[in-house]
Number of protein chains: 2
Amino acid sequence: MFEQFKDKFPLDNNTWDTYVSYFKRLEVPARTVLLNEGETSKKLFIIEKGCIRVWFNNNGKDITTQFFFENNMVASIESFRKSTPSQVTIETIEPCVVWWIFKKDLDSILEAIKSTPRLRDLFINGIFERTFEYMKHFISFIKDTPQQRYLNLIKEKPQIILRVPQHYIASYLGVTTVHLSRLKSKLAKEK
Amino acid sequence: MFEQFKDKFPLDNNTWDTYVSYFKRLEVPARTVLLNEGETSKKLFIIEKGCIRVWFNNNGKDITTQFFFENNMVASIESFRKSTPSQVTIETIEPCVVWWIFKKDLDSILEAIKSTPRLRDLFINGIFERTFEYMKHFISFIKDTPQQRYLNLIKEKPQIILRVPQHYIASYLGVTTVHLSRLKSKLAKEK
DNA sequence: CCGGTGCAATAACATTTGTTATCAAATTGG
DNA sequence: CCAATTTGATAACAAATGTTATTGCACCGG
C-alpha cells in the first residue's frame with residue numbers, strides 16, 4: 001500500500017518504516033460510518049480499495065459534498081486539525097479496505113518532517129492545492145447550471161458517475177434526484 | 001499601518017523594519033483595477049482604507065466572489081502562488097489606500113520566517129483558516145436558499161451590505177439583481 | 001445647471017427547479 | 001430463490017429564479 005509513495009519522501013528506510021508502522025489496516029462493508037457528524041475526528045484514512053463519501057444532514061436530507069477513491073486521504077479536515085466536532089459524516093459507499101492513523105501519531109510525524117524543508121514545502125503545497133480544488137469546485141457552483149455541472153462531472157470525474165449511486169450525485173451537484181433524472185433524460189434526447 | 005501587527009510577530013526591530021520597508025503605499029480612485037483577469041499576479045495588497053472586490057467574467061456578466069475591507073490582504077491567491085494567469089480581476093469599489101509588496105520580496109520573507117517554528121506554524125495555520133472559510137462559504141451555497149444567504153450576510157458581514165453596491169452583492173449571492181431586489185421587498189413586507 | 005451614467009425597483013412573462021406521488025427495475029439479505 | 005429495500009424514472013403541479021423592459025432617482029463631470 002505505501003510502497004508507491006515511498007520514493008516521494010526523502011527519508012531513510014528506518015524512519016519510513018517507523019512512520020508506516022503507525023498505520024492500521026481496516027476492512028469494512030458498504031455503508032459503514034467511519035466518522036459521525038458531531039464526533040471529533042481523531043483518525044485520518046487512506047483508501048486502498050473502495051469509495052467513500054462525505055455528507056452532512058440538512059433538515060433531514062443528506063447532502064454529499066465530496067467523494068473519495070483509491071489512494072485518497074480522507075478526514076473531516078477542520079475537525080481533524082482543530083479537534084472540534086465534525087460538521088460532516090464520513091461513510092463508505094462500497095466495501096472498503098482503508099488504512100488509518102491516529103491524529104496524535106500523524107501530528108508527531110508532521111512536526112518531525114516540518115524541519116526538513118523539502119517535506120515541509122510538500123506539506124504546505126498540499127494544503128494550498130486542497131484550497132485551490134475547493135475554490136474551483138465552488139466557482140463552478142456559482143457560474144454553471146446544474147446541467148453544466150453534470151456534464152463537467154462526466155468529463156472530469158467519470159469514476160464518480162460510474163461508481164456512485166445517482167442520488168448521492170444529485171445532492172453533490174446541488175439538485176434533487178428527480179431533477180437529475182430529468183436532466184439525464186433531456187440530455188439523452190438531445191443526442 | 002503595520003504597527004498594529006508588530007506584536008504578533010516575534011521579530012527584532014531590525015528584521016521587522018526590513019520586512020516592512022518592502023511595502024509601498026498606493027492611493028487609487030474607485031473602480032481601479034489592481035489586477036486583470038489573465039495577468040499573472042505579482043503583487044500582494046493590504047488595504048489601509050477602502051474596499052475591494054474580486055470578480056470574474058462569465059459570458060459577459062461579471063460575478064463577484066469576494067469582498068475585502070480595511071486590514072485585509074488581497075491577491076489572486078492561486079495566480080500569486082503558482083505564477084499562473086489569474087482567473088479573476090481585482091478592483092477597488094471605493095477610493096482606496098493600499099500597501100503592496102512584490103511576490104519575490106514576500107517569498108523571501110516567507111522563506112526566512114519558515115525556519116522560525118512559531119511563524120511557520122502561524123503561516124500554515126493561515127492557509128488552513130483560509131480553506132475553512134472557503135468551505136463554510138461553499139456549504140452555505142449548497143444548503144441555503146438565496147434568501148437565507150442574504151439574511152446571513154446581513155447578520156455576519158453587515159459592512160458588505162452597507163458599503164457595497166447591490167448589484168455586486170447579487171452576483172456574490174448567486175442571484176440576479178432583479179431577484180435580489182425582489183427578495184428585499186418581500187422581506188420588507190413580511191416584517 | 002444639464003446630460004449622461006450607474007444604480008435600484010418593479011412588472012410581465014419564461015424557464016428552471018423543487019415537491020409529491022407512483023411505478024418499475026435492480027440489488028441485497030436471509 | 002423470495003421478500004424487502006434501494007435505486008431510478010416519470011408525471012403533474014407548485015415555487016423559485018431568470019429575462020427583458022421600463023421607470024425613476026441620484027450622482028458626477030462638464
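Protein chains get the first letters and strands the later ones, always in sequence-line order, with residue 1 at the start of each. A quick note: this is a predicted structure, and the numbers were derived from the prediction, not measured.
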Among A:W55, A:F141, A:F67, whose ring-ring contact (aromatic ring centres under 6.0 Å, His included) with A:Y172 holds? A:F67
Main chain of A:V88, side chain of A:S76: is a donor-acceptor contact present, judged purely on distance under 3.5 Å? no
The helix from C:dC1-D:dG30 to C:dG30-D:dC1: angle between end helix axes, five pairs per end, rounded to 10 degrees: 50°
Tested for side-chain hydrogen bond (donor to acceptor under 3.5 Å, both in side chains) against B:R53, the lone hit among B:T92, B:T65, B:D62 is B:D62
Phosphate OP1/OP2 of D:dA9: any A:T177 side-chain N/O under 4.0 Å: no
B:D144 CG to D:dA16 P, in whole Å, measures 15 Å
Over how many whole Å does the gap from A:E91 atom CD to D:dT6 atom P extend? 12 Å
Could you tell me how far apart B:H167 (NE2) and C:dA9 (C1') are, to the nearest whole angstrom? 15 Å
Only one of A:F2, A:W99, A:W16, A:W100 forms a ring-ring contact (aromatic ring centres under 6.0 Å, His included) with A:F23, so which one is it? A:F2
Can you tell whether the side chains of A:E129 and B:K82 come within less than 4.0 Å, N to carboxylate O? yes
Distances under 3.5 Å between nitrogen or oxygen atoms of protein and nucleotides 24-28 of chain D:
none

Which whole-number value in Å describes the distance from B:L180 CG to C:dC7 P? 14 Å
Whole-Å gap separating P (D:dG18) and CD (A:Q148): 17 Å
Please determine whether the number of non-hydrogen atoms from other residues, nucleotides or ligands lying under 6.0 Å from atom CD of B:Q87 exceeds 12. no
Which nucleotide in the set D:dT7, C:dT10, D:dT10 lies at the smallest distance from any side-chain heavy atom of A:R31? D:dT7
Salt-bridged, A:R130 to A:E78, with N to O below 4.0 Å? no
Side chain of A:Q166 only, heavy atoms from C-beta on: which candidate in C:dC7, D:dA9, C:dA8 is closest? D:dA9
Taking NZ from A:K61 and C1' from C:dT20, how many angstroms apart are they, rounded to a whole number? 10 Å
Expected output: side-chain A:T116 to main-chain A:R118 donor-acceptor under 3.5 Å: no
Sugar-phosphate atoms are those with a prime plus P, OP1 and OP2; base atoms are the rest. Using that split, label each nucleotide of nucleotides 11-17 of chain C B, S or - for protein heavy atoms under 4.0 Å, 5' to 3'. BB----B
Okay, side chain of B:K24, backbone of B:Y22: is any donor-acceptor separation there less than 3.5 Å? yes
Does A:S86 offer a backbone N or O that forms a donor-acceptor pair with the side chain of A:E37 under 3.5 Å? no
When you measure from the side chain of B:E70 to the backbone of B:G50, do you find a donor-acceptor pair of N or O atoms at a distance under 3.5 Å? yes
Within the side chain of B:S79, is there an N or O that forms a donor-acceptor pair under 3.5 Å with the backbone of B:S41? yes
What is the distance, rounded to the nearest whole Å, between atom CZ of B:R163 and atom C1' of C:dC7? 19 Å
Please determine if a side-chain N or O atom of A:K184 lies less than 4.0 Å away from the OP1 or OP2 oxygen of D:dA9. yes
In whole angstroms, how far is the P atom of C:dG18 from the NZ atom of B:K143? 17 Å
